[in-house]
Number of protein chains: 2
Amino acid sequence: MGRAKVADAAGGASVRGRIDKRQAILDAAFVVFAREGYAQASIDLIAAEAGVAKPTIYNHLAGKENLFRHAMAAAADRSTARTLAAVSRLTADAPDLHLAFVDVGRALLDCYCSADSWALRRLLHAEIVRFPDLFDLVGASGPGQVAQAVADRLARLALAGRLRLTDPVEAGEQFVALLTGPVAGRSALGTLPFDDVQRQAAAHSATVTFLRAFGAEPSEPVGGA
Amino acid sequence: MGRAKVADAAGGASVRGRIDKRQAILDAAFVVFAREGYAQASIDLIAAEAGVAKPTIYNHLAGKENLFRHAMAAAADRSTARTLAAVSRLTADAPDLHLAFVDVGRALLDCYCSADSWALRRLLHAEIVRFPDLFDLVGASGPGQVAQAVADRLARLALAGRLRLTDPVEAGEQFVALLTGPVAGRSALGTLPFDDVQRQAAAHSATVTFLRAFGAEPSEPVGGA
DNA sequence: ATAGTAATGAACTTATTGGTTCAACAAAAT
DNA sequence: ATTTTGTTGAACCAATAAGTTCATTACTAT
């Protein structure tokens, strides 16, 4: 590794002379932090993963704590963006409400179950005590935006007379809770994967009870699938 | 501190000659692990918290990893017992179903929001990568038992014609998801407390949508509270 | 009383790691 | 060609912590 001349030798991004080593460092830092945890992740390890020398890290991002914060913030931004894109699939003019909710639920669940997303939540939980500001940095804004987006969509549906609800943000919270709660409870916290059919089933079951509680149309009688 | 003769000098439990230093160590270990995280919690710190000398820890529980596992398992057992007691409040002969669900929901939420419970989940999330067996040790059995207990109660209710559901374990998962999901999303992960009125509101709102989806009686029309 | 057992404190070893310094170096700009 | 800037490798320092050893001390059972 090191001052590579070839396109992508080992780490992934290390080519462009000296620009944007920073991004490579940030990415590698998140990877290593996710794999090792904050305390166990050594700067040497991160440097190796990034294909970069140790002093370079201290040049761009002074100190481990700063590096951690920036890496977490970057990962959180990525994750939030993906999730917001998933939410945008829920349009008010969907022909079949059930199908629409299963679809967006499935997409949300894919985001939720991605390796990055698990790692982000794990690190957030793990280090929230020593880094209380982490909550404002990633824990609040990300889910906050998502909740807002979901609430917006639900409000539109309610206004169109297709949903019967009074508080869209509460209903939104409950939909994602219905979606992610069972997954979080069963799935060994991202250690072992939650496969496609399980996610589909989870999205379906969450949709069924959500629409039973809030749907304007009677939907299916009882039996599901 | 140390070989105390008085009842409770500093740590809390250190009186009885040499018996049950072990328990004191386990308790102190969980406290310190919860406060500092695994890596940052030094054996010296745990020894100090327990009012016990360092070699004593190595006598009773060889090594940090072993100590961690045992401390986590003990804390998990305590937590599960409390939660199961809370679930037992949901009887099939409740006069008002809404009230009964709010009540048990409230109790479950109290368990979920206790400092120990937050700490347990935090440590579990944090160290699941380096201690994969932790999931079988605390993550699986605890919630598994709880889910089973809730499913049992729901099945009784359904059999009595007061609930309309096909899969009691799924419904149980969804009830606790409805209950804890919004709390987990908003509450800064146990850093700042979730006060009584908020918990009451959360239990109420979870109950309303759950009964809207699964209740046999029409319950309230729309507006909640 | 006495012997045996468990706990204690303190020093010690060893290993890791965050953070720094510095001379050499390669590419970019002039 | 030369200066400048960011990068590199390697060595170094100080701090922290896991784990161990051991002589000493205090209970407890006989």
Side-chain angles (χ1 to χ4, degrees), chain A residues 1-7 9-26 28-29 32-33 35-71 127 130-131, chain B residues 1-29 32-33 35-71 127 130-131:
Chain A
M1 64 206 77
R3 73 203 89 101
K5 200 163 303 198
V6 293
S14 62
V15 198
R16 270 83 95 234
R18 55 277 245 95
I19 294 301
D20 69 13
K21 295 275 183 188
R22 185 190 173 96
Q23 195 56 41
I25 293 171
L26 249 39
V32 175
F33 280 134
R35 193 177 55 216
E36 310 279 344
Y38 175 78
Q40 196 72 336
S42 72
I43 300 287
D44 293 295
L45 222 64
I46 296 172
E49 173 79 25
V52 145
K54 190 153 67 145
T56 308
I57 293 183
Y58 284 92
N59 283 351
H60 285 271
L61 301 128
K64 196 183 186 181
E65 299 188 358
N66 209 328
L67 172 58
F68 182 61
R69 273 182 247 266
H70 279 81
E127 306 300 337
R130 204 161 5 159
F131 297 90
Chain B
M1 64 200 77
R3 71 202 90 99
K5 198 163 303 194
V6 293
D8 49 342
S14 61
V15 197
R16 266 87 94 235
R18 55 275 249 96
I19 295 299
D20 69 15
K21 295 274 184 187
R22 187 190 171 94
Q23 196 56 40
I25 292 172
L26 250 39
D27 292 352
V32 175
F33 280 134
R35 194 177 55 216
E36 309 279 343
Y38 175 78
Q40 196 71 331
S42 73
I43 301 286
D44 293 295
L45 222 65
I46 295 173
E49 174 78 26
V52 146
K54 189 155 64 147
T56 308
I57 293 183
Y58 284 92
N59 284 351
H60 285 270
L61 301 129
K64 196 183 186 182
E65 299 188 358
N66 209 327
L67 172 58
F68 182 61
R69 273 183 246 266
H70 279 81
E127 307 299 335
R130 204 159 7 157
F131 298 90

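By convention in this document, chain letters (A, B, ...) are assigned in the order of the sequence lines, proteins followed by strands, and residues within each chain are numbered from 1. Small disclaimer: the values here were computed from a predicted structure and weren't measured.
Between the CG atom of B:L61 and the P atom of D:dA18 there is a distance of 15 Å, rounded to whole Å. Distance, B:K21 NZ to C:dT5 C1': 14 Å, rounded to whole Å.
Shown here are the side-chain hydrogen bond (donor to acceptor under 3.5 Å, both in side chains) partners of A:Q40, two or more places apart in sequence or in another chain: there are none. B:E36 pairs by the salt bridge (charged side-chain N to carboxylate O under 4.0 Å, His left out) definition with nothing, not counting sequence neighbours. Looking at residues two or more places apart in sequence or on another chain, you find a salt bridge (charged side-chain N to carboxylate O under 4.0 Å, His left out) between B:K54 and B:D44. Shown here are the ring-ring contact (aromatic ring centres under 6.0 Å, His included) partners of A:Y38, two or more places apart in sequence or in another chain: A:F33, A:F68, A:F131. Every residue two or more places apart in sequence or in another chain that forms a side-chain contact (heavy atoms from CB on, under 4.5 Å) with B:A39 is listed here: A:A39. When the side-chain hydrogen bond (donor to acceptor under 3.5 Å, both in side chains) test is applied to A:N66, the partners found at least two apart in sequence or on another chain are A:H70.
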Legend entry - Nucleotide-resolved protein contact map, nucleotides 17-24 of chain C, B/S/- at heavy-atom distance under 4.0 Å: -SBBB---
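Within the 4.5 Å cutoff, no side-chain heavy atoms of B:I46 are placed close to those of B:E49.
Between B:H60 and C:dA6 there is no side-chain N or O to OP1 or OP2 distance below 4.0 Å. Phosphate contact (OP1/OP2 of C:dT8, side-chain N/O of B:T56, threshold under 4.0 Å): present.
Axis angle across the helix from C:dA1-D:dT30 to C:dT30-D:dA1, with five pairs used at each end and values rounded to 10°: 20°.
Of all the heavy atoms in B:A71 and B:A29, the pair that sits closest is CB-CB, 4.0 Å.
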